[in-house]
Amino acid sequence: MFLARRELWFFKGRFILIGLIILLVSWLVFILSGLGNGLSDLGAATVRYNDMDAVIFQEDAEFSLTKSVLSEDLVQKIEEMSGVEAAAVGTSPASIVLGNSPDDSSKKTSVMLSGITKGSFLEPKTISGNGLDIENLNKVIVNDTLADDGFSIGDTIAIPGTDIVLEINGFTENETLNHLPVVYMPMSTFRAFKYAVPGSDMGIKDPINAIFVKSSNLTNEEIVDQLEDVEIATKKETLNAIPGYQAENATINMMLGFLILISAVVIAVFFYVLTTQKVQQFGVMKAIGASNGFVIGSVISQVFLLSSISILCGVALTFITAAVLPEGMPFNLLPRLVLIYSLLLLAISLAGSLFSVRKIIKIDPLTALGRAE
């Protein structure tokens with residue numbers, strides 16, 4: 001380690017350039033990771049961060065909230081099972097406008113309406129205002145991104161084409177679905193909108209779209225075996241069925257994969273070239289008694305120090321970048337992923353140095369000294 005530090009300091013100009021490459025690569029990896037998570041949150045934060053274990057859909061609905069129609073009576077039947085908690089949910093895209101008398105000139109905002117039951121585990125925590133109101137079924141909870149569009153607590157909002165008028169009772173955060181902010185409302189209010197057209201409920205009493213389930217005792221198969229004409233999906237399966245979610249994640253992950261692969265090659269080439277340039281120095285060290293293990297340890301320590309410092313600088317630069325990004329930018333930097341990608345980049349750097357190790361082992365001190373002459 002001492003020899004590695006001394007050489008890094010003595011040839012600091014050369015190593016600063018290499019460190020800068022590693023820093024830029026790590027910075028780009030973290031930025032792409034944050035953007036990928038931001039897009040995932042826009043598409044499915046409501047499902048992604050819910051603590052449910054599974055979702056029950058109508059049979060053959062392909063795990064789609066928009067295609068599935070169930071009866072709310074199933075919720076009570078599911079909760080009669082030992083160690084199972086269930087919550088009904090309904091979803092539907094819609095447009096809302098400020099005020100209770102919209103006209104053609106009113107600015108429309110696209111949202112995702114979600115019907116839930118007051119007090120269920122699906123009711124989100126509010127960051128300002130209050131939750132759903134049992135006495136006033138037209139009070140709703142909305143995602144805080146609507147505040148950027150001019151909505152405030154106490155505002156009345158209307159759904160164009162209907163006589164439904166709602167009141168914002170509170171703001172929540174990180175509740176989006178299909179890239180739309182979610183508006184939570186009591187299930188009866190939601191039904192008045194979605195199933196207003198006769199026959200749209202398919203003749204089902206108290207229709208809902210799906211049932212979110214938390215279970216401590218029963219497996220998914222044991223739950224669905226006790227029900228009829230339904231299918232059950234894990235959280236991952238439910239997320240992948242959301243339109244665009246899987247494609248967006250696959251695109252970001254492929255970009256990250258190629259970036260990490262390219263960075264591995266670049267870093268390996270850099271250190272291999274450096275090792276080749278120092279063949280004579282390593283030959284002298286071997287001639288005066290240095291073992292292969294000592295020389296290799298020096299090189300690996302050097303790579304470890306340089307990569308660690310560069311990656312840490314990349315992390316710091318990423319958090320600075322996140323702090324100055326526009327509010328509307330879909331960016332969510334998860335500390336867990338930052339740690340994983342940091343360790344991965346460090347491992348890649350160390351693995352890249354193994355090409356140099358093979359070169360060091362083959363160095364013949366007499367040949368290297370002969371070259372020096």
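Below, each value reflects all heavy atoms present in this structure, side chains not excepted, and no hydrogens, waters or symmetry copies.
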Are Asn217 and Ser82 close enough that a side-chain donor and a side-chain acceptor fall under 3.5 Å? yes

Before accepting this row, confirm whether a basic side-chain N of the pair Asp51/Lys214 lies closer than 4.0 Å to the acidic partner's carboxylate O. yes

Is there a donor-acceptor pair closer than 3.5 Å between any side-chain N or O of [X] and the backbone N or O of [Y]?
X	Y	result
Glu222	Thr219	yes
Ser71	Lys205	yes
Glu237	Thr234	yes
Thr156	Glu167	no
Lys235	Asn50	yes
Thr46	Thr176	yes
Asp155	Ser152	yes
Gln58	Leu70	no
Ser33	Val29	no
Arg191	Pro207	yes

[X] side chain near [Y] side chain, heavy-atom distance below 4.5 Å:
X	Y	value
Pro181	Asp149	no
Leu259	Leu32	yes
Val140	Val142	yes
Val165	Ile157	no
Arg48	Asp41	yes
Tyr245	Asn178	no
Asn37	Leu333	no
Leu24	Ser26	no

Can you measure from CD (Glu79) to CG (Leu74) and round to the nearest 0.5 angstrom? 11.5 Å

Reported CD1-to-CD1 distance for the pair Ile164 and Ile96, which is rounded to 0.5 angstrom: 12.5 Å

Considering non-hydrogen atoms only, spot the tightest contact between [X] and [Y] and give its length.
X	Y	answer
Leu166	Met185	CD1-CE, 3.7 Å
Ser92	Lys194	CB-CD, 3.8 Å
Phe121	Phe212	CZ-O, 3.5 Å
Ala44	Leu239	CB-CD2, 3.5 Å
Thr91	Met112	CB-SD, 4.1 Å
Phe63	Glu231	N-OE2, 3.5 Å

Test of understanding: with side chain to side chain donor-acceptor pair (under 3.5 Å), list the residues that count as partners of Thr145, not counting sequence neighbours. Asn143

Just checking Glu228: does its CD atom have more than 12 heavy atoms from other residues, nucleotides or ligands closer to it than 6.0 angstrom? no

Does atom CD of Glu59 have more than 12 heavy-atom neighbours from other groups under 6.0 Å away? yes

Lys67 to Phe57 six-membered ring, cation-pi geometry met (6.0 Å, 45°): no

Classify the ring geometry of Phe190 against Tyr195: parallel below 30°, tilted from 30° to 60°, perpendicular beyond 60°. perpendicular

Identified side chain to side chain contact (heavy atoms under 4.5 Å, CB included) counterpart of Glu123 within the set Thr172, Ile141, Thr117: Ile141

Identify every side-chain donor-acceptor pair in residues 306-326 under 3.5 Å, counting partners at least two apart or on other chains, and give the distances.
residue : atom : partner : partner atom : Å
Ser307  : OG   : Val303  : O            : 2.8
Ser307  : OG   : Ser349  : OG           : 3.3
Ser308  : OG   : Phe304  : O            : 2.7
Ser310  : OG   : Gly19   : O            : 3.1
Ser310  : OG   : Leu306  : O            : 2.8
Thr318  : OG1  : Gly314  : O            : 2.7
Thr321  : OG1  : Trp27   : NE1          : 3.2
Thr321  : OG1  : Leu317  : O            : 2.8

Donor-acceptor list for residues 125-136 side chains, cut-off 3.5 Å, not counting sequence neighbours:
residue : atom : partner : partner atom : Å
Asp133  : OD1  : Glu135  : N            : 2.9
Asp133  : OD1  : Asn136  : N            : 3.4
Asn136  : OD1  : Asn138  : N            : 3.1

